[in-house]
Structure formats: C-alpha cells, structure tokens
There are 2 protein chains.
Amino acid sequence: MRIGELARRTGVTERALRYYEEQNLLRPARLPSGYRDYAPSDVAAVRHVRSLLAAGLPSHLIADLLPCMVDTGDGLMPGCRSMLSPLESERDRLTSAIEQLTAARAQLIALIDRTPDDDAEYDAWVAAHGAG
Amino acid sequence: MRIGELARRTGVTERALRYYEEQNLLRPARLPSGYRDYAPSDVAAVRHVRSLLAAGLPSHLIADLLPCMVDTGDGLMPGCRSMLSPLESERDRLTSAIEQLTAARAQLIALIDRTPDDDAEYDAWVAAHGAG
DNA sequence: CTTGACCCTCACGTCGGCGTGAAGGTTTAG
DNA sequence: CTAAACCTTCACGCCGACGTGAGGGTCAAG
C-alpha cells in the first residue's frame, strides 16, 4: 500500500505519515521507484501511534515502545519491562495534567457562573456585594 | 514596586513579566528612569493571569478579560457580558481536553496493567492468551 | 506523446510562552 | 571611584507535530 491509501484509510495526512517515519514510528519498505510501501498491519500501527501521541507520549518513547508491543496491543513483550518505568512516569504526568486542567476549568466555571446574565441580575448582584 | 520585587513575590521570572506587558496583560506605570512601576494589586493580577494561562486561555483573550474583572475576581463587570461566549467556548475546550487526556490515561494504565511484572507471570499470560 | 494522479526530498513556517543572551543605562553600597 | 545589582530594548532560540509550498520524479491511461 502506498502513502495515499494509508492516509485515506487512517485519516492521517501524508505529511504526518512521513513525519512518523522520520521519527522511526513506522518503517515502510520502498518500491523500486522509491515510493513508500506500507504493510496492511500499518493501518493498525498508525492508529496505535495516534492514540499514544494523543496520550501525550513523546515520539521517541513511542519509538522505543512499539517493538515491545504484541500484535493485539494488549501488553508488552518480555525483556521490555524496562519500559514500565517511563510509562508510569507518563501516567503520573497525565494525572497531574488532568488535575491542573480540572482545577482551571472549575475556576473558569466559577467565573462564568458568577457573572450575571442581564442588568437586573447585575443590580441584585451589586446590592448583595456592594458597588463595583 | 519594580519588576524584581514583583518577580520575587510572584515566583514569575522578570522575562515573563515583561512578556505579560508586551501582551497587554499588565500595564505598569513608568518611573522617570524608565523603570516599570507596578502597583501592589499587580501581585494578585499576576496570579490571576497565571491561572488563566494555566487554563489554556490565549493571552489576547486574557487581555480582553482583565479589564472586565472586578477587584475581588469574583465576576465580570457589566458591559462585559460579551465575554461570556468565548469563556464558554474555552470551558468546553477544557472539558474535551480533559476527556481526551482521561481516555488516553486509561489506555496507558491498561497497557501497564496488562504487562506482567516477571517471567512467571509472563508464562501464565502466554498460557492464557496463546504464544505471542 | 501528453495529461494528470501520485509520489519523492528538501527546507522553512506555525503556534505560545517564555528562555537566553547582547549591549548598554541607572541606582545603590562601600 | 568602583563594583554590584538593578534596570532597559532588541532579537533570536526552543519545543513538537506537523503545514505548506518548491521543484522535481514515476506511472498508467488516452
């Protein structure tokens, strides 16, 4: 399969696919013409890469991780358990990122909620809080 | 107060404080020497800006928003209710960002959990799932 | 042969929130 | 007087995951 078809089948731009190769996330064969020749399994591989990228994993970590993943994507191969530690770091980084965003959103919601919708409400708000 | 003291009191670098002025997030007065002269209230203002930046609000939106905020930071002034719409957009953007991160983390956790800790566990895992 | 779809490799542009100098003026302490 | 600690503006560097051309090759159809 050439790059255009893979792009269509994954919804990823050709540029992104070339970028993934540059980052060693994909290693397509080459046709005599120099065209990239992707395997059918690369459709799944691309989805895999995308979900890990969406998790915020840096591409070099994904590159290290991919050869460790079994076909089903269910776990890591033996001899790759050294990857667990960086994975746990990323998990913790995600957790704190989520907490930060959640706190920020709560603050934003509070600001929105405390803003009156019209002048009548504003007058009531002033009466309750004092003149601004 | 000059920039160094404000930096110390807020934990924000001087460079960042100059950047905030460049982005119209702060408007310090100037001393005859040309030095920035910050008001005491700018300590709170900086914390405010930081929390909005942490929420992912673009600085130009914060710049529009700041003159709308009352001293207590509790709500928006009247005549600024047009800000509500972009704020709600940002809130929704935050919500979907949080959902994405949460889903990504769940996937990462699943990957970690399914990876056996030692060879014995791996043998059992192979027995249950078939050879990898 | 020509058109046109498809592909290639550079290589610079983008966004945001700063970091990091360079090159110099001002104020303060000794 | 000197040195240190401030301060100024100007302006390029950085990160990451691509976007966006430029300037070409490849290949099947008409």
Side-chain angles (χ1 to χ4, degrees), chain A residues 1-39 42 45-66 86 90 93-94 97 100-101 104, chain B residues 1-38 42 45-66 86 89-90 93-94 97 100-101 104:
Chain A
M1 172 193 340
R2 286 173 303 178
I3 197 170
E5 188 180 349
L6 184 58
R8 258 171 273 130
R9 291 174 64 176
T10 58
V12 173
T13 67
E14 299 178 9
R15 178 64 182 90
L17 293 176
R18 295 195 189 97
Y19 173 75
Y20 295 161
E21 182 182 9
E22 190 182 322
Q23 302 298 313
N24 294 318
L25 304 182
L26 292 175
R27 296 176 177 282
R30 294 295 181 133
L31 297 170
S33 59
Y35 290 9
R36 289 170 178 82
D37 185 22
Y38 293 93
D42 283 335
V46 167
R47 300 217 166 98
H48 212 150
V49 164
R50 291 241 96 192
S51 70
L52 292 172
L53 281 174
L57 299 201
S59 54
H60 67 84
L61 177 58
I62 301 180
D64 292 346
L65 200 54
L66 282 180
E90 292 298 327
R93 195 184 51 73
L94 272 180
Q100 273 227 352
L101 285 184
Chain B
M1 174 194 338
R2 289 174 301 179
I3 197 170
E5 188 179 348
L6 183 59
R8 259 172 272 129
R9 292 175 61 175
T10 57
V12 172
T13 66
E14 299 176 8
R15 178 63 184 89
L17 293 175
R18 295 193 191 99
Y19 172 75
Y20 294 161
E21 181 180 12
E22 191 182 320
Q23 301 297 312
N24 294 319
L25 303 182
L26 292 175
R27 296 176 178 282
R30 294 296 180 132
L31 297 170
S33 59
Y35 291 10
R36 289 169 180 82
D37 186 23
Y38 292 94
D42 284 334
V46 167
R47 296 191 210 283
H48 213 148
V49 164
R50 291 240 96 192
S51 70
L52 291 173
L53 281 175
L57 299 200
S59 53
H60 66 85
L61 177 58
I62 300 179
D64 292 348
L65 200 54
L66 282 179
S89 298
E90 292 297 328
R93 195 184 51 72
L94 273 180
Q100 273 225 353
L101 285 184

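Reckoned from all heavy atoms, side chains included, excluding hydrogens, waters and symmetry mates. This one's a predicted model, so the numbers in the text were calculated from it and none came from an experiment. Per chain, numbering begins at 1; letters A, B, ... match sequence-line order.
Counting only heavy atoms from C-beta on, A/Tyr19 has its side chain closest to D/dC18 among C/dC18, D/dC18, C/dT27. Residue A/Arg15 has its side chain nearest to D/dC18 when only D/dC18, D/dT8, C/dT27 are considered. Listed candidates were D/dT8, C/dC8, C/dC18. Nearest to the side chain of B/Leu53 is C/dC18. For B/Thr13, the side-chain atoms get nearest to C/dG19 when compared with the rest of C/dG19, C/dC18, C/dT26. The side chain of B/Ala16 has C/dG19 as its nearest neighbour among C/dG19, D/dT26, D/dA17. Side-chain proximity of A/Tyr20 to the nucleotides D/dC18, D/dT8, C/dT9 is greatest for D/dC18. Closest contact between the side chain of B/Arg30 and the listed nucleotides C/dT9, C/dG17, D/dT9 involves D/dT9.
Taken to the nearest 0.5 Å, the CG atom of A/Asp42 stands 12.0 Å off from the CZ atom of A/Arg36. For the atom pair CD (A/Glu5) and OG1 (A/Thr10), the distance works out to 10.5 Å, reported to the nearest 0.5 Å.
Using a 4.0 Å heavy-atom cutoff across all strands shown, B/Leu57 reaches sugar-phosphate atoms only and no base atom.
Remark: C1' of C/dG17 and CG of B/Leu26 are 14 Å apart, rounded to the nearest angstrom. Look at CZ on A/Arg93: it is 11 Å from P on D/dG16, rounded to the nearest Å. Residue A/Glu22 contributes atom CD, which lies 11 Å from atom C1' of C/dA11 at whole-angstrom precision. For the pair B/Leu52 CG and C/dG16 P, the interatomic distance rounds to 16 Å; values are reported in whole Å. Spacing between atom CG of A/Asn24 and atom P of D/dA17 amounts to 14 Å, rounded to whole angstrom units. Put simply, CD on A/Gln23 is 9 Å from P on D/dG16, counting in whole angstrom units. Taking atom CZ of residue B/Arg18 and atom P of nucleotide C/dA22, one finds them 16 Å apart after rounding to whole Å. Atoms CD1 (A/Ile62) and P (D/dG16) sit 12 Å apart, rounded to a whole Å.
Closest of all the heavy-atom pairs between A/Thr13 and A/Ala7 is C-CB, 4.4 Å. Nearest heavy-atom pair, A/Tyr38 versus A/Arg2, reported as atom, atom and distance to 0.1 Å: CD1-C, 4.1 Å.
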Please list each protein N or O that sits under 3.5 Å from an N or O in nucleotides 4-6 of chain D, with the distance.
none

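Of the charged side-chain nitrogens involved, at least one lies within less than 4.0 Å of a carboxylate oxygen, so that A/Glu21 and A/Arg30 count as a salt-bridged pair. For the pair A/Arg18 and A/Glu22, the salt-bridge criterion is not met [side-chain N within less than 4.0 Å of a carboxylate O].
In this structure, A/Arg93 places its CZ atom where more than 12 heavy-atom neighbours from other residues, nucleotides or ligands lie under 6.0 Å away.
Axis orientation changes by 20° from one end of the helix from C/dC1-D/dG30 to C/dG30-D/dC1 to the other, with each end axis drawn from 5 pairs and the value rounded to 10°.
Both A/Ser33 and B/Glu5 lie near DNA chain D, and the one whose nearest nucleotide falls closer to the 5' end is B/Glu5.
For A/Arg36 and C/dT9, the shortest distance from a side-chain N or O to OP1 or OP2 is below 4.0 Å.
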